[in-house]
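All values below come from the heavy atoms of this structure, side chains included, with hydrogens, waters and symmetry mates left out. When a ligand or atom number is given, it counts from 1 through the structure's own listing order.
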Amino acid sequence: MKILAIDTSCDETSVSVTSRDNIISNKISSQIEIHKKWGGVVPSIARRMHEENIDIVVKDALRGAKVSLSDIDVFAVTQGPGLSIALEVGIKKIKEFVEMYKKPVVAVNHMEGHIYSTLSHNKNGNPKVKYGFPLLALLVSGGHTELVLMKDHGVYEILGRTLDDAVGEAYDKVARMLEIGYPGGPILEQIAKDGDEDRFPLPIPMTKIRTTDMSYSGLKTAVLYLTQKIFTKDLKPKEKKQMICDIAASFQKSAIDQLLIKTKIVLEDLSKDYKIKDIILAGGVSANMALRKSFRKNFGKKYRIHFPTDKKLSGDNAGMIGVAAYHNILRNNFTNIKNLERDPNLSL
Ligand code: KG4
Ligand code: ZN
């Protein structure tokens with residue numbers, strides 16, 4: 001069974017061809033260079049770029065899998081969460097294909113897709129992994145920070161989430177404050193490598209009381225106040241450069257520590273009722289090596305830690321949507337094309 005999937009949830013136009021858990025081709029047209037000028041994603045530009053690129057990326061994905069549209073058995077598309085007018089482009093295109101080829105369609109939750117990015121395999125590094133239910137997934141992206149209990153395919157319970165900013169969003173905002181470039185997350189991670197994480201200790205939010213709720217807005221504000229205090233006019237460029245690295249390292253430490261502490265609490269609570277063996281780290285921020293390393297260090301002895309080994313699969317891509325669609329198909333969870341509408345706030 002061949003599935004063609006589209007994801008246009010944010011600033012990447014992506015189309016894939018998948019078969020079961022196997023990603024055969026996964027093409028991504030990134031808009032980063034365009035949004036860079038604005039320091040963030042501009043939804044109207046994102047939509048226009050999706051519209052301009054979608055047909056090219058579809059062709060590319062089909063060519064990569066050596067198939068044509070008539071070979072596709074099921075069409076799949078991201079329904080949400082994401083940018084409303086961007087989601088619309090992928091949905092419109094899939095509706096066109098479904099009507100033309102009279103094939104079934106599956107609407108996929110983008111965050112469910114991120115989970116399957118760790119459970120799918122391809123030729124570029126994602127191996128087949130062993131996993132069992134229930135498992136715990138930490139979803140960390142530009143819009144989400146969630147600890148999710150996955151009891152089975154399609155059965156989710158959110159056990160902790162951010163009350164304000166997402167962790168990826170905080171990385172991006174802090175990077176903007178430090179004027180280190182766009183996209184903020186990966187650049188901040190690089191810069192933090194040259195920094196001293198203990199020079200400017202920052203608070204770890206939401207840790208005074210035992211709660212699974214998270215928060216990143218206070219940490220971001222703490223960085224803002226710190227920069228206002230220490231970036232004085234008489235600062236030498238070399239000193240400032242070092243300070244930026246030190247702040248980046250401190251921010252990253254607090255950001256990751258919060259995720260570790262919350263994951264520990266959730267695992268502790270779950271251990272009363274469940275035997276968890278697997279932890280999934282997924283979403284754009286799961287590309288962060290410091291985060292992966294601390295999860296391995298803290299939980300690696302007791303749990304199998306999964307994250308996308310192929311870097312392309314940590315960010316937004318349609319391959320993960322195709323694999324998530326396959327698991328929906330196994331449960332007969334098809335979507336009536338008449339009801340297929342974007343849902344920018346779709347939850348797991
Ligand atoms: O999943 P994703 O590609 O898009 C959304 O669904 O939001 O996640 C994008 C987020 C951005 O905030 C980006 O800065 C962050 O993931 N990100 C990172 C890294 N790579 C991407 N954050 C920290 N370290 C990274 N290496
Ligand atoms: Zn995403």
List the atom pairs, with distances to 0.1 Å, where a side-chain N or O of residues 134-145 and a protein N or O form a donor-acceptor pair under 3.5 Å, not counting sequence neighbours.
{"residue": "S141", "atom": "OG", "partner": "G143", "partner atom": "N", "Å": "3.3"}
{"residue": "S141", "atom": "OG", "partner": "H144", "partner atom": "N", "Å": "3.1"}
{"residue": "T145", "atom": "OG1", "partner": "V167", "partner atom": "N", "Å": "2.8"}

Output block, N or O contacts of ligand 1, threshold 3.5 Å exclusive:
{"residue": "ligand 1", "atom": "1 (O)", "partner": "H114", "partner atom": "NE2", "Å": "3.0"}
{"residue": "ligand 1", "atom": "1 (O)", "partner": "G284", "partner atom": "N", "Å": "3.0"}
{"residue": "ligand 1", "atom": "1 (O)", "partner": "D316", "partner atom": "OD1", "Å": "3.1"}
{"residue": "ligand 1", "atom": "3 (O)", "partner": "D316", "partner atom": "N", "Å": "3.3"}
{"residue": "ligand 1", "atom": "3 (O)", "partner": "D316", "partner atom": "OD1", "Å": "3.3"}
{"residue": "ligand 1", "atom": "4 (O)", "partner": "D316", "partner atom": "OD1", "Å": "3.2"}
{"residue": "ligand 1", "atom": "4 (O)", "partner": "D316", "partner atom": "OD2", "Å": "3.1"}
{"residue": "ligand 1", "atom": "6 (O)", "partner": "H110", "partner atom": "NE2", "Å": "3.2"}
{"residue": "ligand 1", "atom": "6 (O)", "partner": "D316", "partner atom": "OD1", "Å": "3.3"}
{"residue": "ligand 1", "atom": "7 (O)", "partner": "G142", "partner atom": "N", "Å": "2.8"}
{"residue": "ligand 1", "atom": "8 (O)", "partner": "G142", "partner atom": "N", "Å": "3.4"}
{"residue": "ligand 1", "atom": "12 (O)", "partner": "G168", "partner atom": "O", "Å": "3.1"}
{"residue": "ligand 1", "atom": "12 (O)", "partner": "D172", "partner atom": "OD2", "Å": "2.7"}
{"residue": "ligand 1", "atom": "14 (O)", "partner": "D172", "partner atom": "OD1", "Å": "2.6"}
{"residue": "ligand 1", "atom": "14 (O)", "partner": "G185", "partner atom": "N", "Å": "3.2"}
{"residue": "ligand 1", "atom": "20 (N)", "partner": "G284", "partner atom": "O", "Å": "3.4"}
{"residue": "ligand 1", "atom": "24 (N)", "partner": "N288", "partner atom": "ND2", "Å": "2.9"}
{"residue": "ligand 1", "atom": "26 (N)", "partner": "E189", "partner atom": "OE1", "Å": "2.8"}

With a 4.0 Å cut-off on N to O distance, would you call K95 and E99 a salt bridge?
no
With the threshold set at 4.0 Å, does a side-chain nitrogen-carboxylate oxygen contact exist between D73 and K2?
no
Hey, which protein N/O/S atoms does the Zn ion (ligand 2) have under 2.8 Å?
H110 NE2, H114 NE2, D316 OD1
Test the K240-F231 pair against the cation-pi criterion, namely NZ or CZ under 6.0 angstrom from the six-membered ring centroid and within 45° of the ring axis.
yes
Exactly one of N333, D152, D21 clears side chain to side chain donor-acceptor pair (under 3.5 Å) with H327, and that residue is D21
With respect to T78, which candidate in D343, D7, D316 satisfies the side chain to side chain donor-acceptor pair (under 3.5 Å) definition?
D7
Heavy atoms from other residues, nucleotides or ligands near NZ of K193 exceed 12 (cutoff 6.0 Å)
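Yes, because the 6.0 Å sphere around NZ of K193 holds more than 12 heavy atoms from other groups.
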Cut-off 3.5 Å, no hydrogens considered: what does the side-chain donor-acceptor table look like for residues 242-250, sequence neighbours left out?
{"residue": "Q242", "atom": "NE2", "partner": "D194", "partner atom": "O", "Å": "3.1"}
{"residue": "Q242", "atom": "NE2", "partner": "D246", "partner atom": "OD1", "Å": "3.0"}
{"residue": "D246", "atom": "OD1", "partner": "D196", "partner atom": "N", "Å": "2.7"}
{"residue": "D246", "atom": "OD2", "partner": "R199", "partner atom": "NH1", "Å": "2.6"}
{"residue": "S250", "atom": "OG", "partner": "E197", "partner atom": "O", "Å": "3.2"}
{"residue": "S250", "atom": "OG", "partner": "F200", "partner atom": "O", "Å": "3.2"}
{"residue": "S250", "atom": "OG", "partner": "D246", "partner atom": "O", "Å": "2.9"}

Atom of L202, atom of S254 and distance for their closest heavy-atom approach:
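Heavy-atom minimum between the residues: O-OG, 3.1 Å.
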